[in-house]
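Structure first, then comments.
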Amino acid sequence: MRIDKLHLQDFGQFHNKDITLAPGINLIYGANEAGKTTTKDFIVDMMYGIEKARGTAARFDHYEKKKPINGSAFSGAMEVTTEQGKYMIERNFSRSEKKTTVRDLDSGREVALAQPNDLLGTLLQTDKNTYLNTLCIGQLGAATDKEIADRLNNYIVNMASTRTGDIDAVNAIMALKNKKKEFSNKELEQKEQELTAKLSLDRDFDAELASVKEEYAKAEEQMKNPQAQQLQFSPINGTKKEVQDPPDLVLDEMLSKEERELKMLKNMGPKSVLDNSFVIFVLGLLIMAVFVAIAYVIPGNVPQVKMGIMGFGVAFGLLFLMFVFSKRAKLYRILEDLEIEQGFEDAKAQQNPEEDAQRQMVNVLSELKVKEERIINDRNNQEQYLKELNAIKEKKATNDVELAALDLAIETIQDLSEEIYDTFGSVLNDKVSAIVNRITDGKYTDVKIDDQLRVMVKKGNSYVNMEYLSTGTIEQIYLALRLTIADIIMPERLPVVMDDIFVTYDYQRLNGTLSCLGDYKDHQIIIFATNSGIKDMFANMGIECNYISLS
């Protein structure tokens, strides 16, 4: 693709601005803030559109930065030439009126886009990320990222093995790794542990059931022959537990605690003070009142003493109430126990031993039936646990087979990738080395790049890492790397766009780079620069240059 003309209708600081470009090298000159980067962004946005961010980030995104300053319509047009013909691309970038139109300039008809508002698949075959990481170069933005390393390695594998880009080896490996997650045994192993903990392998359920059935049969036999074994009650003498006085000759100190309490119950009588809660409460208050009165009548005027007496009286009264009510509750519990015991004695005295024996046998049979059902339920649960465990083991075995197959597939692709890179990597290294040798004027002649795009440069008799080189040299090497990668992985020739990348170049380094760019005749090159002397340098080298001033 070649760009013939830019029409910045309303974009950033520009309004109704036309820029005509030539097929070869185009030098667009402008001072700082003249709009060089805005023009570069317009080219990219005309090719790939603008995506509006969401949320708080939308206030500072590319869309907001490039909106027209004068508030007019956000739009523009670009004329391009491809192998298929000449086209006019028109875009309205406004989010509310977003629209992209492509028109064939020879026939005048509108070209249907493969995707709405997207030139991919119609006029473009290279995606935006690939373009930005290769042929669209900004100042201090020459270094490629890992995505390009993956794409380069993937391209090399595809071209070597199938001679086509239809097969995506990198994405295939990612898909296989994601597929492995479906066959993970982690949850199955956890479930297996839980089921194993529930197993009772030491229980003999058949023996337990046989024992219960034998007991059940014996109980039924006893039900049929009640005379064979009856449950007898021993006669109980004295169905009433009487509260008797301890012998008068025995001192209270020799009585047991229970006997003293029983004696107290008798001495209390039917109208005991302890049987009247109101009287007890009044006595407690009376005690407190006595101490309060004492505090008021004692001579002297010492508030601490008076408060102490009153506090003591209140505490003593409360303790009295707690003690009396506690004693009262205890005595009433004794009465309740006596009544409950008396009732049980009377019930036993009135029971029919034969009926009671039958009733007990019915209870025994019911308990045995419940026990039998519980054992059967436990056995069924154990059988279900074993069934689930066997299913888990089978599933784990199947997963292991699938995981082994997936690992083998990944390993095969990776081995193939490394093997192919050993063959095609030398081509990449040779092309990059040739460009670096040219733009550094022979200072660096040998560059080695591994499959992760880590760069080593031969300096003297050894190779050094990029970090030990100057910024200018690093930018030259990455420029060579970008151009080489573009030649390898891009299916089309797109414009090379450079936005003021020569700021750190000295004269010798700049002269070598411009000379190298002069040989790039297959690409349209658009250079944005603040250094107007570049025009003269191209002229001195005999390289044609279309000079455009934004001022």
Side-chain angles (χ1 to χ4, degrees), residues 194 197-198 200 231-353 355-356 359-360 362-364 366-367 370-371 374 378:
E194 294 174 357
K198 295 179 180 179
S200 302
L231 297 176
Q232 300 290 342
F233 287 96
S234 300
I236 300 176
N237 296 325
T239 59
K240 294 185 179 180
K241 188 169 184 178
E242 298 178 354
V243 180
Q244 299 179 349
D245 292 332
D248 294 335
L249 299 178
V250 183
L251 298 175
D252 287 346
E253 289 79 2
M254 299 178 62
L255 297 175
S256 67
K257 185 176 181 181
E258 182 180 3
E259 288 172 338
R260 288 197 300 271
E261 291 173 343
L262 293 174
K263 182 179 179 181
M264 182 182 294
L265 281 171
K266 181 178 180 181
N267 293 336
M268 284 168 55
K271 295 184 178 179
S272 171
V273 173
L274 289 176
D275 198 31
N276 195 319
S277 301
F278 177 74
V279 173
I280 297 172
F281 188 69
V282 171
L283 286 175
L285 292 178
L286 184 60
I287 293 172
M288 298 181 196
V290 170
F291 278 93
V292 172
I294 292 172
Y296 273 102
V297 300
I298 62 174
N301 188 20
V302 183
Q304 291 83 353
V305 174
K306 292 178 178 293
M307 293 299 294
I309 293 173
M310 286 189 288
F312 177 80
V314 172
F316 183 78
L318 291 174
L319 289 173
F320 169 79
L321 290 174
M322 292 172 61
F323 173 78
V324 173
F325 277 115
S326 175
K327 192 67 177 178
R328 177 176 177 272
K330 185 175 181 180
L331 293 173
Y332 274 100
R333 281 198 300 271
I334 294 174
L335 290 174
E336 291 175 359
D337 291 342
L338 288 172
E339 291 175 2
I340 292 172
E341 185 176 359
Q342 183 63 49
F344 182 69
E345 296 285 352
D346 293 342
K348 287 196 293 184
Q350 296 174 3
Q351 281 179 342
N352 184 324
E355 292 179 358
D356 185 67
R359 189 180 300 106
Q360 290 196 33
V362 170
N363 291 337
V364 169
S366 178
E367 291 175 359
V370 171
K371 185 176 181 180
R374 186 183 303 117
D378 289 346

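No experiment lies behind these values; they were computed from the predicted model shown.
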In Å and rounded to the nearest 0.5 Å, what is the CD to CG distance from Glu367 to Asn363? 6.5 Å
What residues, two or more places apart in sequence or in another chain, satisfy ring pair (Phe, Tyr, Trp, His ring centres under 6.0 Å) together with Phe312? Phe291
Suppose we screen for side-chain hydrogen bond (donor to acceptor under 3.5 Å, both in side chains). Which residues come up paired with Asp378, at least two apart in sequence or across chains? Arg203
